[in-house]
Amino acid sequence: MTGQPEVVAASIDHSHVWMQYGTREFRESISLLEQAGPGAFSAPSRLPGWNRKQVIGHLAANADAVGRLLHGARTGEPTPMYSSMEQRDADIAESASLPSRRLIAWYDGSADELSQAMEQLTPEQWSAEVRNAVGQPILAATIPWLRARELLIHLVDLGTGHTFTDLPEDFLRTLVADVAAMRSTLGGGPALSLKANDQKGSWMIQGPGPREVVVGPLAGLAAYLTGRSHDDVRSCGGGAAPALERWI
């Protein structure tokens with residue numbers, strides 16, 4: 001199970017809408033932090049080890065990185081998202097020391113530049129092949145999905161009131177399929193059968209050892225697969241769901 005056809009279709013049909021929604025909601029959450037005062041930016045996020053500045057800085061840097069993929073699609077030049085994953089992590093850590101005004105300006109500027117770059121791509125360029133953050137070849141048509149995924153997951157991480165249950169259902173279904181496919185491809189984790197208990201839906205993750213069934217609501221499965229809090233996700237026998245490798 002690769003999940004690629006579903007994700008490509010979603011990118012064409014819905015991901016621009018999800019990206020616009022995520023950009024708007026994330027910016028409104030930043031405005032809430034501005035109203036709360038400077039200390040709100042330095043407070044811990046819902047993502048362990050990250051404060052809110054780091055979440056905002058990562059989203060700003062991600063817009064720049066996605067923009068590099070668009071440049072590659074437009075010019076045909078191989079352009080990686082990041083020079084290295086180590087540099088990506090170092091940039092996230094550095095965001096913690098930046099003034100909030102600089103972070104906000106970075107987020108706004110990078111988001112605007114990304115939107116303009118997407119408007120400039122031709123239909124032929126959207127069909128070009130680029131490589132994602134882990135080096136996998138993908139169609140440029142999936143770039144809006146990459147951005148929407150980052151925006152909506154980190155919207156929850158920012159900790160201003162959004163949860164996975166607030167995210168669009170069709171986005172969550174695509175997210176679960178996408179992350180399950182990525183975990184199957186990258187390896188390093190257990191073999192799982194994922195089942196949603198609040199609607200129809202099941203997904204497989206390839207891995208070593210006996211396959212274990214994991215059950216939970218769609219939003220909970222999305223949280224579990226992306227390494228977020230997932231109290232409502234359990235193994236079929238009622239115990240804790242298996243631990244997973246860190247997700248990108």
>> Go through it in stages, so that I can follow the logic: the residues are D170 and H14, the test is side-chain contact (heavy atoms from CB on, under 4.5 Å), and I'd like the CA-CA distance, side-chain angles, deciding distance and then a yes or no.
In response: CA-CA 9 Å; D170 52 354; H14 303 293; 4.1 Å; yes
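- Interatomic distance, CD of E119 versus CG of L114, reported as 10.0 Å (0.5 Å rounding).
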> Where do L221 and W203 land on the side-chain contact (heavy atoms from CB on, under 4.5 Å) test, with the steps shown first?
Replying inline: CA-CA 10 Å; L221 292 174; W203 302 265; 3.9 Å; yes
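- Put simply, W247 and V55 are part of the same group of oily side chains (I, L, V, M, F, W, Y) that touch within less than 4.5 Å, one to the next.
- A donor-acceptor contact shorter than 3.5 Å links the side chain of R52 to the backbone of G159.
- Using a 4.5 Å heavy-atom cutoff, the side chains of D112 and S110 are not in contact.
- Side-chain contact between R131 and T79 is absent, with no heavy-atom pair separated by less than 4.5 Å.
- Annotation for G22 and Y107: closest pair O-OH, 4.5 Å, computed over non-hydrogen atoms.
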> How far apart are the C-alpha atoms of T165 and L218, what are their side-chain angles, what is the distance that settles it, and do they pass the side-chain contact (heavy atoms from CB on, under 4.5 Å) test?
Replying inline: CA-CA 8 Å; T165 58; L218 179 63; over 6 Å; no
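- Closest of all the heavy-atom pairs between I205 and P190 is CG2-O, 3.8 Å.
- Around CZ of R211, the count of heavy atoms belonging to other residues, nucleotides or ligands within 6.0 Å exceeds 12.
- Taking the six-membered ring where the residue is Trp, H154 and W50 present parallel rings, their angle staying beneath 30° rather than reaching 60°.
- With rounding to the nearest 0.5 angstrom, the CD atom of Q125 is 8.5 Å from the OG1 atom of T75.
- No single ILVMFWY cluster, assembled from side-chain heavy atoms under 4.5 Å apart, contains both L194 and V215.
- To the nearest 0.5 angstrom, H162 atom NE2 is 8.0 Å from L167 atom CG.
- Considering all non-hydrogen atoms of both residues, P144 and M118 come closest at CA-CE, 4.0 Å.
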> Yes or no on side-chain contact (heavy atoms from CB on, under 4.5 Å) for Q54 and H58, after CA distance, side-chain angles and deciding distance?
Replying inline: CA-CA 6 Å; Q54 289 171 291; H58 172 56; over 6 Å; no
Which donor-acceptor pairs under 3.5 Å do side chains of residues 60-74 form with protein atoms, sequence neighbours excluded?
residue : atom : partner : partner atom : Å
N62     : OD1  : R147    : NH1          : 2.9
D64     : OD2  : W106    : NE1          : 3.0
R68     : NE   : M81     : O            : 2.8
R68     : NH2  : M81     : O            : 2.6
H71     : ND1  : R74     : NH2          : 3.4
H71     : NE2  : E77     : OE1          : 3.2

Using a 3.5 Å cut-off and no angle test, enumerate the donor-acceptor pairs between side-chain atoms of residues 234-241 and protein atoms at least two apart in sequence or in another chain.
residue : atom : partner : partner atom : Å
R234    : NE   : G238    : O            : 3.2
R234    : NE   : G239    : O            : 3.4
R234    : NH2  : G238    : O            : 3.1
S235    : OG   : G239    : N            : 3.1
S235    : OG   : G239    : O            : 3.3

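- L152 is not listed as a side-chain neighbour of L175, based on a closest heavy-atom distance of 4.5 Å or more.
- Side-chain N or O atoms of Q20 include none that pairs as donor or acceptor with a backbone N or O of V17 at under 3.5 Å.
- A donor-acceptor pair is defined here as one N or O able to donate and one able to accept, closer than 3.5 Å; such a pair exists between the side chain of S184 and the backbone of A180.
- S29 contributes atom OG, which lies 11.5 Å from atom CZ of R24 (distance to the nearest 0.5 angstrom).
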Sequence neighbours left out, cut at 3.5 Å: what donor-acceptor pairs do the side chains of residues 30-43 make with other protein atoms?
residue : atom : partner : partner atom : Å
S31     : OG   : R27     : O            : 3.3
S31     : OG   : R27     : NH1          : 3.1

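- Centroid-to-centroid, the aromatic rings of W145 and F171 come within less than 6.0 Å.
- Distance OG1/T174 to CG/D178: 8.0 Å, rounded to 0.5 Å.
- Shortest non-hydrogen contact noted between A191 and G209 is CB-O, 3.9 Å.
- When side chains are defined from C-beta on, L158 does not count as touching S45, because their heavy atoms never get closer than 4.5 Å.
- Both W126 and W18 are part of a single hydrophobic cluster, where members link through side-chain heavy atoms under 4.5 Å apart.
- In this structure, the separation between OG on S127 and CG on L121 is 10.0 Å, given to the nearest 0.5 Å.
- Here the closest heavy-atom approach between residue A148 and residue S15 is recorded as CB-O, 4.0 Å.
- Checked by atom type, the side-chain pair D166/T163 shows a donor-acceptor distance below 3.5 Å.
- For T185 (side chain) and A181 (main-chain N/O), a donor-acceptor pair under 3.5 Å exists by modelled atom type.
- Partners of D157 according to the salt bridge (charged side-chain N to carboxylate O under 4.0 Å, His left out) rule, which considers only residues two or more places apart in sequence or in another chain, are R228.
- Of all heavy-atom pairs between F164 and A222, the closest is CD2-CB, 4.0 Å.
- Side-chain contact between P242 and V214 is present, with at least one heavy-atom pair separated by less than 4.5 Å.
- Side-chain atoms of R183 come within 3.5 Å of backbone atoms of L225 as a donor-acceptor pair (strictly under, hydrogens ignored).
- For Y21, there are no ring-ring contact (aromatic ring centres under 6.0 Å, His included) partners two or more places apart in sequence or in a different chain.
- For residues 184-205, no residue pair satisfies the salt bridge (Lys or Arg N to Asp or Glu O under 4.0 Å) rule, not counting sequence neighbours.
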